[in-house]
Engineer: 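Structure incoming, see below.
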Protein chains: 2
Amino acid sequence: MNAIRTARQRARDELTREIKAEARRQVVAEGPQRLSLRSISRELGMASSAIYRYFPSRDHLLTALIIDAYDSLGAAVEDVESHVPREYIRARWQALCTGVRTWARQRSQEYALIYGSPVPGYRAPEETIAPASRVAMALGRLLADGWAAGELRPVQAPPLRPGLAEQAEHVATVIAPGVPREVLAQALIAWTQLFGMVNFELFGHLVGSADPADEFFDHAVDCMADLMGLPAE
Amino acid sequence: MNAIRTARQRARDELTREIKAEARRQVVAEGPQRLSLRSISRELGMASSAIYRYFPSRDHLLTALIIDAYDSLGAAVEDVESHVPREYIRARWQALCTGVRTWARQRSQEYALIYGSPVPGYRAPEETIAPASRVAMALGRLLADGWAAGELRPVQAPPLRPGLAEQAEHVATVIAPGVPREVLAQALIAWTQLFGMVNFELFGHLVGSADPADEFFDHAVDCMADLMGLPAE
DNA sequence: TCCTCTTTGTGAGCACTGCTCTTGACTTGA
DNA sequence: TCAAGTCAAGAGCAGTGCTCACAAAGAGGA
């Protein structure tokens, strides 16, 4: 709106940032459930009630952190993928996957915040869905590029059930226009596979089987690439 | 040990059960984080401090619930799978998957308890790992049966990296003796895929794409069956 | 039976939490 | 300059997990 914000506005923005920064520090250090508004206020040297001028409740503050986490993950994935030449579709997929995994391992508490079990009674608000879809968008672009270049092999899979065909068609229009629904159905599988593996690795469900998970992860990523019909190269 | 337990022992067992039952009711109704020892004691008409004679901490009570949840899921899956004739390998896989999904949808809070993000600083204790592996065991039996019957098709996948080959070999000896490691590597993928989908469905990450997820789920289950080389039938 | 020893329940209390509300001080724009 | 709007502070409410000293009650040996 106005480039010249008032002093009050600037102070408000700064304090909002500081509160979020301290909150993130606590989440990273001790997990989302230990996040305490009172200890934030103590750390910032203000009264606990003052926090409520900036975030109406603990959940609102958590939501802000969630949005930031989605954005951070999206940016990280976009960044790592952008370093791969555009025409290497399979390499871009691999970069996307390792990007997600690396980010998740480095910032596991924030990952748990967005992909772990939601806080009870917590319903993801409207403003989270855009940042939440950045990773999916990256996958969509990659598929669209591969399709446009005529490099995707036909998928080997059972025919789509009608409802799924419709959903896949809708996803295609939003995320990868022109790409056939069969490809997007397989991409949905690959997508849930990716986060399923990262979840299991981070939450300890691979202990005793595929732990450490590096090679298993790479292997699965390859299999998913084949499932989507990505070119070998 | 002794069939004739003392009155004290019987009272103790009963109260332990009642505490767990009330705790489970609260978890089902409001989620794990709202579980409150004080409100349990209030509901049971006892002093809050008395609970600590039965569970040394809130986390210990949660662990007991987690074990019960694993056992309940394992039993449900075993039950639904046992109703399929032993020789229908693919149908057993499908039954296993829908068994997991159905249980998860019916008891979502308990599912979140075991497959959501772990409570902060919470480390899964030793006694959870046996009940936690019941679903994996069922998958192993199914593969072993299929292999013994000579019905598994050779898997179409990249060769295993050495570390993964070793891990798959180890999983095979524990869960599906005799079955080649290549099959178990694909089974690991199918396994993470299964829980990845259920996670995403329950935690709202499929909203806007594959929601409702029934057909997508069935499709993915089929694809995973193919990935493992299960017979068509 | 009596008399210890152990187990169990109680209630007060500590240190903490999210959140509300009143009160008084400050900034801002007309 | 001055009313309107904004903000921080502090007290307070209702709740939490957990500890501890103490008093009943049961268990088992002499």
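Naming convention: chains lettered A, B, ... in sequence-line order (proteins, then strands); numbering from 1 in each chain. Any value given below was found using the heavy atoms of this structure, including those in side chains, with hydrogens, waters and symmetry copies removed. Please read all numbers here as calculations on a predicted model, not as lab measurements.
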Engineer: A/Arg58 CZ to C/dT17 C1': how many Å, rounded?
Structural biologist: 9 Å
Engineer: Between D/dA8, C/dT8, D/dG15, which nucleotide has the shortest distance from any of its atoms to the side chain of A/Tyr54?
Structural biologist: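 For the A/Tyr54 side chain, the nearest candidate turns out to be D/dA8.
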Engineer: Could you give the CD1-to-P distance, from A/Ile40 to C/dC19, as a whole number of Å?
Structural biologist: 11 Å
Engineer: Distances for protein N/O vs nucleotides 11-13 of chain D N/O pairs under 3.5 angstrom?
Structural biologist:
residue: D/dG12; atom: O6; partner: A/Arg38; partner atom: NH2; Å: 3.2

Engineer: Of the candidate nucleotides C/dC19, C/dC16, C/dG9, which contains the atom at the shortest distance from the side chain of A/Arg42?
Structural biologist: C/dC16
Engineer: Expressed as a whole number of angstroms, how long is the span from B/Ile51:CD1 to D/dT16:P?
Structural biologist: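 Rounded to whole Å, this separation is 12 Å.
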Engineer: With distance as the sole test, does B/Ser133 use its side chain to make a donor-acceptor pair with the main-chain N or O of B/Ala136 at under 3.5 Å?
Structural biologist: no
Engineer: Write down the atom of B/Ala64, the atom of B/Lys20, and the distance for their closest heavy-atom approach.
Structural biologist: CB-CD, 3.8 Å
Engineer: Would you kindly give the CE-to-P distance between A/Met46 and C/dA25, to the nearest whole Å?
Structural biologist: 19 Å
Engineer: Less than 6.0 angstrom from the centroid, inside 45 degrees of the normal: does A/Arg134 satisfy that with respect to the ring of A/Tyr70?
Structural biologist: no
Engineer: So for atom CD, which belongs to A/Glu166, do other residues, nucleotides or ligands contribute more than 12 heavy atoms lying within a distance under 6.0 Å?
Structural biologist: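 Atom CD in A/Glu166 is not packed in, count stays at 12 or less.
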Engineer: So, B/Glu43 and B/Arg25, do they make that salt bridge, N to O below 4.0 Å?
Structural biologist: no
Engineer: Between B/Arg8 and A/Pro56, which has a closest nucleotide on DNA chain C that is more 5'?
Structural biologist: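 That would be B/Arg8.
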Engineer: Between B/Gly163 and A/Glu215, which heavy-atom pair has the shortest distance, and what is it?
Structural biologist: N-OE1, 2.7 Å
Engineer: In a check of side-chain contact (heavy atoms from CB on, under 4.5 Å) between A/Leu194 and each of A/Val100, A/Asn199, A/Leu139, which one passes?
Structural biologist: A/Val100
Engineer: Within the 4.0 Å heavy-atom criterion, would you say A/Leu61 contacts the bases, only the backbone, or no part of the nucleic acid?
Structural biologist: nothing
Engineer: Just the rounded figure in Å: distance from P of C/dC19 to NE2 of A/His60.
Structural biologist: 10 Å
Engineer: Considering only D/dG17, D/dG28, C/dT8, which nucleotide approaches the side chain of B/Arg53 most closely?
Structural biologist: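 Among the listed nucleotides, the one closest to the side chain of B/Arg53 is C/dT8.
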Engineer: Could you state the atom-to-atom distance from CG of A/Leu62 to C1' of C/dG18 in whole Å?
Structural biologist: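 Rounded to the whole Å, the gap is 12 Å.
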Engineer: State, to 0.1 Å, how close B/Met228 and B/Leu143 come at their nearest heavy-atom pair, and which atoms those are.
Structural biologist: SD-CD2, 4.3 Å
Engineer: Rounding to an integer number of Å, can you tell me how far A/Phe55 CZ sits from D/dC7 C1'?
Structural biologist: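 These atoms are roughly 16 Å apart.
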Engineer: Show the nearest heavy-atom pair for residues A/Leu65 and A/Arg24, with the distance to one decimal.
Structural biologist: CD2-NH1, 3.7 Å
Engineer: Choosing from C/dG18, D/dG17, D/dT16, which nucleotide comes nearest the side chain of A/Leu37?
Structural biologist: C/dG18
Engineer: Among D/dG17, C/dT20, C/dT17, which is the nearest nucleotide to the side chain of A/Ser36?
Structural biologist: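 Selected nucleotide: C/dT17.
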Engineer: Write down the distance between CZ (A/Arg34) and P (C/dT17), rounded to a whole number of angstrom.
Structural biologist: 11 Å
Engineer: Quickly, which of A/Tyr115, A/Phe203, A/Phe217 forms a ring pair (Phe, Tyr, Trp, His ring centres under 6.0 Å) with A/Phe195? Name it, please.
Structural biologist: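 Answer after filtering A/Tyr115, A/Phe203, A/Phe217: A/Tyr115.
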Engineer: Taking DNA chain C as the partner, which of residues 9-22 of chain B come within under 4.0 angstrom of it by heavy atom?
Structural biologist: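 Residues of residues 9-22 of chain B under 4.0 Å from DNA chain C: B/Arg12, B/Leu15.
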